[in-house]
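Let me begin by presenting the structure, written as structure tokens, before commenting on it.
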Amino acid sequence: MDSTDYDIFDFIINDEDELMLLIYQQETEPNNPYIELDRESSSGVLHRNENDFIILNGLSNEVFDSIFEADNLLVCELSREEREEDTKIVYAYEAEVRY
């Protein structure tokens, strides 16, 4: 992930078909997070807390296939560092999956 563009996101799918969302750290802390997914529009909205959300456009069929039977999605928020090797996980949490 390129730290010059803080609005980007990435999904990682491991060998067990478990999905993780990577985003850059936001200004507020996550609280009761959930993600709403819409396969028809290939999009989703991550609700981090009552007032903060992130729109995720252009989700692949592979993402939807991996998350189809999941109750939760693992989300990792990364620090914003000039050097990629200095990046740290600031928040790691599960977001309830909703359709």
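Index from 1, following the sequence. Below, all heavy atoms of this structure are taken into account, side chains as well, without hydrogens, waters or symmetry copies.
- Within 6.0 Å of atom CD in E85, more than 12 heavy atoms from other residues, nucleotides or ligands are found, so the atom counts as buried in its surroundings.
- Closest approach of G44 to L59, counting heavy atoms only: N-CD1, 3.8 Å.
- Considering all non-hydrogen atoms of both residues, E62 and I13 come closest at CG-CD1, 3.5 Å.
- When side chains are defined from C-beta on, D65 counts as touching R39, because their heavy atoms get closer than 4.5 Å.
- Shown here for D52 and Q26, the closest heavy-atom pair between the two residues is OD2-CB, 3.7 Å.
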Applying side chain to side chain contact (heavy atoms under 4.5 Å, CB included), run through F11 and L73 and close with a yes or a no. CA-CA 10 Å; F11 281 97; L73 170 67; 4.1 Å; yes
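- Scanning all heavy atoms of the two residues, the minimum distance from Q25 to R80 falls at O-NH2, 2.6 Å.
- The line from CD1 of I54 to CD1 of I8 is 12.0 Å long, rounded to the nearest 0.5 Å.
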Start with the C-alpha distance between F9 and V75, add both sets of side-chain angles, then the distance that settles side chain to side chain contact (heavy atoms under 4.5 Å, CB included), and finish with yes or no. CA-CA 10 Å; F9 63 91; V75 180; over 6 Å; no
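- Residues Y34 and I23 are members of separate hydrophobic clusters, defined by side-chain heavy-atom contacts under 4.5 angstrom among Ile, Leu, Val, Met, Phe, Trp and Tyr.
- From E77, atom CD reaches atom CG of L21 across 8.5 Å, with rounding to the nearest 0.5 Å.
- Summarising the geometry of M20 relative to C76, their closest heavy-atom pair is SD-SG, 3.5 Å, with the distance given to 0.1 Å.
- Y24 has its side chain out of reach of V90: every pair of non-hydrogen atoms, C-beta onward, lies at least 4.5 Å apart.
- Taking CD1 from I55 and CG from L46, the interatomic distance works out to 11.0 Å, rounded to the nearest 0.5 Å.
- Within 6.0 Å of OH on Y99 lie more than 12 heavy atoms contributed by other residues, nucleotides or ligands.
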Test side chain to side chain contact (heavy atoms under 4.5 Å, CB included) on R98 and H47 and set out the steps. CA-CA 11 Å; R98 300 179 184 176; H47 297 266; over 6 Å; no
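- Taking the side chain as every heavy atom from C-beta outward, V63 and L56 never approach each other to under 4.5 Å.
- Side chain of N49 to main chain of E29: a donor-acceptor pair is present (N/O by atom type, distance under 3.5 Å, no hydrogens or angles).
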Is there a side chain to side chain contact (heavy atoms under 4.5 Å, CB included) between R48 and Y93 once you walk through the steps? CA-CA 10 Å; R48 296 181 63 257; Y93 54 92; 3.8 Å; yes
